Structures are given as structure tokens and as C-alpha cells.
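A, B, ... follow the sequence lines: proteins, then strands. Residue 1 opens every chain. Please read all numbers here as calculations on a predicted model, not as lab measurements.
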Amino acid sequence: MADYNPSIIEPKWQKYWEENNFYRTDEKAQKKFYVLEMFPYPSGRLHMGHMRVYSIGDVLARFLRMRGFSVLHPMGWDAFGLPAENAAIKNKVHPAQWTYANIEAMKKQQKALGISYDWEREVTTCAPDYYKWTQWLFLLFYKRGLAYKKKAAVNWCPSCNTVLANEQVEDGGCWRCGTEVTTKDLEQWFLRITDYAERLLNDLKLLSGWPERVRVMQENWIGRSEGAEIHFPVKGLDTKITVFTTRPDTLFGVTYLVLAAEHPLVETLVAGTEHEAEVKAFVEKTRKLSEIVRTSTETEKEGVFTGAYCINPASGEEVPILVGNYVLMGYGTGAVMGVPAHDQRDFEFAHKYNLPMRVVVTPEGKELEAENLSEAYVDEGILINSGKFNGYPSSKAQKEITAYLQKNGWGEPKVTYRLRDWLISRQRYWGAPIPIIYCDRCGTVPVPEEDLPVMLPDDVVLKEGGQSPLKEHQEFYLTSCPNCGGKAHRETDTMDTFFCSSWYYFRYTDPHNDRLPFSKEKADAWVPVDQYIGGIEHAILHLLYSRFFTKVLHDAGYTAAVEPFKRLLAQGMVNKDGAKMSKSKGNVVSPDEIIEKYGADTGRLFILFAAPPEKDLDWSDRGVEGCYRFLKRVWRLVDHYADELAHPTGQAADDADQTLRHAVHASLKKVTEDIEERHNFNTAISAIMEAVNAAYNYTNEKKDAINKEIMAEALETIVLMLAPFAPHLAEELWQRLGHKESVHLQSWPEYDPTALRVAEVEIAVQINGKVRSRLTIPTDADAKTMEQIALADKKIADLVADKEIIKVIAVPNKLINIVVR
RNA sequence: GCCGAAGUGGCGGAACUGGCAGACGCACUUGACUCAAAAUCAAGCGGGUUUCGACCUGUGUGGGUUCGAGUCCCACCUUCGGCACCA
């Protein structure tokens, strides 16, 4: 046969698999497994990160099929989004055209990689038959009171010309373009994800198949705090200020209150007073600060007195009310109680403005003087100066004070979250239109289900700067009210693309359903996804949103699942020369050039061999060469012996034969476990390499006198083990070994435990924990025997001759340690 | 500051439950084949000492537990990631 030439065999088998519908999902099977890689944004070309995630998913999918599972392994496109719109403006093509051309190009690349997708289930989020259901889901949220419109200070990216959700702001910049985010007051659509905060937090416990770091990140993001809300009546006004605190035990130490600049009461408090001008100026100044400056610990705490006082409900004391730049309207109640002795921020603030300080918690057995404190005492302790609560430890005081407040109507226990509601409106064109109509008479009216989809009009002119053309598209904008038939107009904002991608894994289970987004029966057969694979950058964003969607769909009775992804593999990045691949650094390697030069099988093998999947991987051209060499080595071996093996002779196995069988079955055991249990593909591949090395050693030893049965078994096992990793090469070699049926329709081989049994093992002999000798002894020798053999060894005998043996530890088949004095 | 992960040869990485550190691959060195090179095959390859039999040393640092520690415990250093004026 000819030399290994991937450019011929790879397209050949890809065509064969496609024509014979190899990877169509079998819905009737009993054993089901859903393998899913995060679907890509159709940016134009695949990069190495894509190649990595698809390679991981494909190994699992192919392996599990061989293990007898019916595997759902679909692919689709996260196809709405800003880059299409920007590219369209730049190149004067329609976003749809740009997007669909990219999808075609990337699909071609995925096929060239030999990934085993069921293409009949492909979904594209920008297609009307998909976004119809995205809109339907919005209406479901709306009906359940989970979608609402409100005016709020929101994150605005001046470069993308649109608002962003909190999750989409990284280090004060836009997650997409990095531009510094500013604040705008806008009326926007939100999803009430905060209603699900507690469940999103608690159910992380169910996700034992997720990496801990992702769970911890979500936990931090949700940011649960337990404490109390306390109401402070305002002196001279019939109103009160509510604060949130996690330390109700420090209530008697409150010497002032601080309001956020945006707090609705600020204006009322200062109206018509001598403080009005100063406070208003301060509020103006504070609101102008960017979010980054405002929330930075570096920014100096500033405040201004409002002239108003309120009453500490516990002590009856009057305390001044200030406005401060470090209090955030978006967290808690937008007002905090100032306890300078026990909170570091309050401590600094009180020092700056000469506010009084009172110690109310002391460390056990110690006294604290307010005047002598160099920093706040923030730990828990024993209460003093706290009326009837004196002598209580903090934890007890927290409960008792809260109960006391509650009894008197002055406060109540409260749990607060850092998580904010999800802002889903986007002021751009290339997204799913929000299915809402505004009627002059009826107000906000949801589009009736039968009118879906609200089609995104094609005939638009996109403008430089990115303002949405929908407002000016009369045919789209002007409509009639579904209620009263009167004059009305459509919502012109589109949905955050994360909305579209929060439910796509359900659609794959029933992609052509035209009555519902998916049927419960089909979804329940597959969801939760058994193995989800994707980048860590979605640790919060996509993964949190999808969890939220699944819970809402569950509550509405559309799915039995409470969590969307049972197991999650967060794959590492692909770097080169220690840095992220980027055009500016000139260190980009594309999947195309690898396929062209070495073939897809080599590329897949390298990317799985170079590092465990969850770790970052450094691309190495030399390493790729090594994998290519290995595949050629396998090719030559099979090619050389294939014909000969056709006529077995039935000869008895000798020692060398046994050694080869042992190596092959040991390899098979390890490969099976590494793929199945640990997802350590790098060590699985190294185990296959060991089997190949053993086969070469065998042929060197036996020359032409090989045992044909043993060799045939070895080569077939090697080819079967390679099938998930290098599917084209394995297919070709499988045929070469005389098989008619595809290697990908074979069962995964079972290792033979008897082949792993050997008569003798080498053990280490230690004296006081140091290896002094290695001995070959019968397998499974008991401790007594091991000791006898070890002591009979001349070297060991000499070393222990004049010593006293205190103890002997024998680990069967491993080592023996003789402790001497 | 808080939370989390990780530090092993020249490099990527193995060592799964405490049991022979460095599997497998890359790079390098040597030998075979060749007129020669490449390819291929074979062998060597942590550091140090060596009378060539072996000995000492070694998994970020310092302690500890244990017959035995890369693995467990304590303290620290470094790197990376997340959160951070969140009351």
C-alpha cells in the first residue's frame, strides 16, 4: 500500500460517513448520552480554540458510540451579534449575508476535521424558525412576570453603541471591545434572574460534575449576604430610611447614616434648606464619575452633610444623615449605617469628617478605646454600650437585636445578593426583536403567540456609528395594537444574544418542531446535557443564564430538568510561545494549515496529547511533527503485517507473545479508563503509543516468526483504540486489516484480565525507606515470602547483617521496606 | 484585601487511594542503514561523585506527621484566575 497520505484518505472517509448518515442520532436507543460543545459565533474561520473543543467532544462522542450509547452530538451557530453588524457596515454587505457565508466556511472546516456531528439537527439562532421560539420564550418570561421594563442607570458601551448586562462588564470595560463603560439612565427590559438567586446558588450543590472553580465563580457572582434591614425614622419628617447591614450587632455603634447620591430621599431631605446647594453639587459631581472610579477602593471616600437627622431605633439617639460617594444605589437599599469603630470604610470616613466613634464590640477579655483605635475592630466579639444586649457575643446579638427590631416593627432579617437583574435590551439591529408593541391606548402589549416571529426586516440601511435602523423602518416600527387595533409601534430594541444561546441545547433535541420550541418528551430524553464542553470565559455569563432558563422552563412545566449541564469540562486556552495567539503577535496557527500539512488526524491527536483538556496548552510545531511521526509509524506497522495476518497458523504463544499481549491489554485498560473516567486524553494517547512501541519491540525480537493471532489482535486493538482520536487513519487501517464494516461501527474492545496477569513482578527492596535493591519475585507473594526472598538477597543480607531489624513493611507486588537500627 | 487553582528534567507533561519520581512525546547525544543527507530503526538522556561496583542528592522554600511524602498537615514565597468601597 502507499505511504500515509492524509490528504487523500481524510476527504474519502468524510464523504463516506456523510453519504451513509453515520452520525444521525438514534432516538429509540435505551442508553443515551448527550455530548455538547458550546456552539460558536460564526466569525469566519475556526481558530485553535475551536479545534480543541471539537476534538475533545468528538473523542467522547466516538468513544461512547463504540461503548454502545446512542449519542446526541449536534452543532449550530450563535449567529446574532455585533461583529456581523460592524462587518456589514465596513464591507457594505448585509449582516445576514456575512453571517451565512461564515457559517458555510466554518462548517466546511468542521467537516474537514472529521467531527462526527448530526447535521440534521443544526440550529442557527438568526434564522426565523429559531428566533420565533426565542421570542416565544421572551413572552413566557413576560407572562410569568419575569420580564419587565424599568428605567435605571445602566452600563453603556459608547463604542458598541448599546447597553450591557452587569455580567458583560469586565474591569469596567466592555467584554467585547474593552471600551470603558459609562452610565446612562434608560428604560430597558430586564429579566428577573434575582428571583432565582437562591436556587441558582443552592443548586450549585447538584453540580458535582462541574469544576470547582466555576462553581466558586458563580457563588461569588451571586454574592449572598445574610443580615437585616433596619428602618431609621427621619427627624421631623414622616418618613424613614432603610439600611441593610450584615452586622446588626453593631447597631448601638451607629453615629451617622450615609445615602447614595442616587437615593430618592436626598432631594426631599435638603429641599429648601441651607444645605441644598452644596448637596446638589456633590450629587452632580458624584454621578459624573465613571463606574470604575466610583467603585474603586482607591477613590477617596467623600461625603456631605444633609442637615437632616434620623433616630437610631434601638438607642433613640439622633444621628446625622450624609450623602457619600462610596455608597452604591444598586446594592442593598442604597443607604448604610455608619459604624466607624467596627467597619474600616466607616472608620476612614468618620476620621475625615470628625464624626463620633463608639466602641460596641470588644474582643473577649480586652478593652478598646475609641480614641486609641488605629483601625476599625471588624471581628466579632462581646457587646458593650449596647443597652440590654451588653455581654452578648456578636453571633447571638445579631439574632437577638434583629428579633427585637422585628418585634417593634423597626426592621427584619434580610438576605441580599450581589447579583442584579439581567438587562437584555440591545440598541442594535442584528438580534432577535423583542416581541412587544406599545399602544397609545393599551400601553405595553405583548405580541400574540400566533403573530410570531416578529420578523427582523431585511431591507435596512446600516449607519456608521451603529444606531439601530429599526426606529426609522416605518413598516417595522408602525403597527396596530393586537388588543384594540389602534395605532401602535413596536419595540425597536433587540435581545442580548446571550438570551438566544440560553436555550439552544433544548432545541437540538427537537430542532424542527413548529408548534413549540421543543417537546417535553424529546427534551426529557436528552436534557440535562451529559457532558458539556467549552471555554472558561463563560463561567458566569452563558452558564449562569442557561441555568436560569432551565429553571424557568422547569417551573413552567416544559422540562423535567432543573439544571442544563450535568458535567462540564472547561477547556484551557491554546497559546503559542507562552502567549495567546493573536495577529498582532504573529503567533497564529490556523487549523487549515495544520490540516493541509499533516491532516486532521495529526492535528486532533496533538491538541489532545499536548496537555490535559482543562489546562492551557502551548502550541508546538515540533510536537505536531511528533504526532505525525507516530501516525506514520502506526501506518507502516499495520501496512507491513496486514497481508500476512490473513492466514493464521494457530501456533502456541511463547514469552514474547505473552509480553506483547500484556502490553496491549494494559494499554487498553488504561485508555478505556482515561477516556471514560478522567477525560485525560493525553495519557490515553501515551498509552496507545506504549502499545505501538511494544509491537515494534516484538517485531524486532521475532523478526519474521511472529505469532499471527497475537499480532492480529495487537494491531486490531491499536486501530480500535485510535478510532476516536484519529478517525480517518483508523478507518483506513481497519479496512486494510481486512474488515468490510466501518471501524466506527465496532464495539470498544474489552481488556482481558488474564493477559494482565504475569508470573513474576519486580519489587523494590528498601532499607529505612531507601531503595537498595530490586528483585524479581512471584506475583502475589505474601508478606512473609517477600521478606524471606528479600533477606536472602546478598546485597540486602550484607546491609542488614550487623543491624537490628525493627519492622518489615511489605506491599504486595510493589515493595518491601526493612526498618533497621 | 477575600476566595480559588497551580509550582516536578532543557521543554510539554506522567506518577489515579501515601509505596521504585520523571511514563509518553519534543529537543539533544551516539550507533545502524547510506557515497552523503533526510527518513527510518536501535540505544542513551534530572544533577553531582565514581575505584564503574556503586554512592550521594533531587518535585517552589522552611518545618511536621509517617516505616515511607511530589502526594497529607502547618507556615511562607511565586505565578495565574475570580471577586472587591457589596455595607
Counting distance alone, no hydrogens or angles: does the base of B/rC83 have a donor or acceptor under 3.5 Å from a partner atom on the side chain of A/Asn220? no
Base of B/rC67 paired with side chain of A/Lys807 (donor-acceptor, under 3.5 Å):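 There is none.
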Interatomic distance, [X] atom [atom1] to [Y] atom [atom2] [nearest 0.5 angstrom]:
X        : Y        : atom1 : atom2 : value
A/Ser55  : A/Leu608 : OG    : CG    : 5.0 Å
A/Tyr598 : A/Ser7   : OH    : OG    : 14.0 Å
A/Asn166 : A/Trp422 : CG    : CH2   : 12.5 Å
A/Tyr4   : A/Tyr628 : OH    : OH    : 7.0 Å

Between A/Arg345 and A/Asp343, is the closest basic N to carboxylate O distance under 4.0 Å? yes
Have a look at [X] and say if it touches a base, only the backbone sugar-phosphate, or nothing, with a 4.0 Å heavy-atom cut-off.
X        : value
A/Val216 : sugar-phosphate
A/Val336 : base
A/Gln766 : base
A/Ser620 : nothing
A/Val765 : nothing
A/Arg772 : sugar-phosphate
A/Asp346 : nothing
A/Asp674 : nothing
A/Glu625 : nothing
A/Glu701 : nothing
A/Gly223 : nothing
A/Arg345 : base

Between A/Tyr696 and A/Ile685, which is nearer to the 5' end of RNA chain B once each is assigned its nearest nucleotide? A/Ile685
With RNA chain B as reference, determine whether A/Glu677 or A/Leu328 sits nearer its 5' end, using the nearest nucleotide of each. A/Glu677
Would you say a side-chain N or O of A/Arg622 is under 4.0 Å from OP1 or OP2 of B/rA27? yes
Check this one for me: any side-chain N or O of A/Arg636 less than 4.0 Å away from OP1 or OP2 of B/rC41?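 Checking A/Arg636 against B/rC41: at least one side-chain N or O falls below 4.0 Å of OP1 or OP2.
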Assess whether atom [atom1] of [X] is packed by more than 12 heavy atoms of other residues, nucleotides or ligands within 6.0 Å.
X        : atom1 : result
A/Lys576 : NZ    : yes
A/Lys597 : NZ    : no
A/Asn700 : CG    : yes
A/Lys352 : NZ    : yes

For B/rG9, does the O4'-C1'-N9-C4 or O4'-C1'-N1-C2 angle fall within 90° of 0, making it syn, or is it anti?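 Syn conformation for B/rG9.
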For RNA chain B, which residues in residues 246-266 of chain A have a heavy atom at a distance below 4.0 Å?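 RNA chain B contact set from residues 246-266 of chain A: A/Thr246.
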Mind checking the [atom1] distance from [N] to [M]? Whole angstroms is fine.
N      : M      : atom1 : result
B/rU59 : B/rG18 : C1'   : 15 Å
B/rA37 : B/rA32 : C1'   : 15 Å
B/rU71 : B/rG63 : P     : 15 Å

For [X] and [N], give me the distance from atom [atom1] to atom [atom2], rounded to whole Å.
X        : N      : atom1 : atom2 : result
A/Tyr331 : B/rC83 : OH    : P     : 16 Å
A/Leu204 : B/rG4  : CG    : P     : 15 Å
A/Arg420 : B/rC83 : CZ    : P     : 13 Å
A/Asn166 : B/rC83 : CG    : P     : 12 Å
A/Gln218 : B/rC3  : CD    : C1'   : 15 Å
A/Glu212 : B/rC3  : CD    : C1'   : 10 Å
A/Met329 : B/rC86 : CE    : P     : 17 Å

When you get a sec, tell me which of [options] is the closest nucleotide to the side chain of [X]?
X        : options                : answer
A/Met689 : B/rC67, B/rC85, B/rG25 : B/rG25
A/Lys770 : B/rC86, B/rC41, B/rU57 : B/rU57
A/Thr299 : B/rC86, B/rG19, B/rC85 : B/rC85

Between A/Tyr326 and A/Glu302, does the side chain to side chain donor-acceptor pair (under 3.5 Å) criterion hold? Intermediate values first, please. CA-CA 7 Å; A/Tyr326 70 99; A/Glu302 288 182 346; over 6 Å; no
Might you list the N or O atoms of the protein lying below 3.5 Å from N or O atoms in nucleotides 43-47 of chain B, with each pair's distance?
none

Every protein N/O lying under 3.5 Å from an N/O of nucleotides 48-54 of chain B:
none

Would you mind listing every ring-ring contact (aromatic ring centres under 6.0 Å, His included) that reaches into residues 244-264 of chain A, with sequence neighbours excluded?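 Sorted result for residues 244-264 of chain A: A/Tyr256-A/Phe349.
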Working for ring-ring contact (aromatic ring centres under 6.0 Å, His included), residues A/Phe232 and A/Trp410: CA-CA 8 Å; A/Phe232 287 72; A/Trp410 297 333; over 10 Å; no
Find the runs of at least 3 consecutive base pairs, i with j, i+1 with j-1 and so on, that include RNA chain B, using Watson-Crick or G-U wobble geometry with both distances under 3.5 Å. B:1-7 with B:77-83, B:10-12 with B:24-26, B:28-32 with B:40-44, B:46-49 with B:54-57, B:60-64 with B:72-76
Between [Y] and [X], do the side chains contain a donor N or O and an acceptor N or O under 3.5 Å apart?
X        : Y        : answer
A/Asp249 : A/Ser394 : yes
A/Asn693 : A/Arg633 : yes
A/Thr250 : A/His342 : no

Is the positively charged end of A/Arg418 above the ring of A/Trp221, judged by distance under 6.0 angstrom from the centroid and angle within 45° of the axis? yes
Could you check whether any side-chain N or O of A/Asn817 sits under 3.5 Å from a backbone N or O of A/Gly769, counting only pairs where one atom can act as donor and the other as acceptor? yes
Has the side chain of A/Thr255 got a donor or acceptor atom that lies under 3.5 Å from a matching backbone atom of A/Pro356?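 Yes; at least one donor-acceptor contact below 3.5 Å.
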Are any protein N/O atoms closer than 3.5 Å to N/O atoms in nucleotides 7-14 of chain B? If there are, list each pair with its distance.
unit_1, atom_1, unit_2, atom_2, d
B/rG12, O2', A/Ala610, O, 2.7
B/rG13, O3', A/Asn682, ND2, 3.3
B/rA14, OP1, A/Asn682, ND2, 3.1

When A/Val589, A/Thr602, A/Leu605 are each screened for side chain to side chain contact (heavy atoms under 4.5 Å, CB included) with A/Val624, the one that passes is A/Thr602
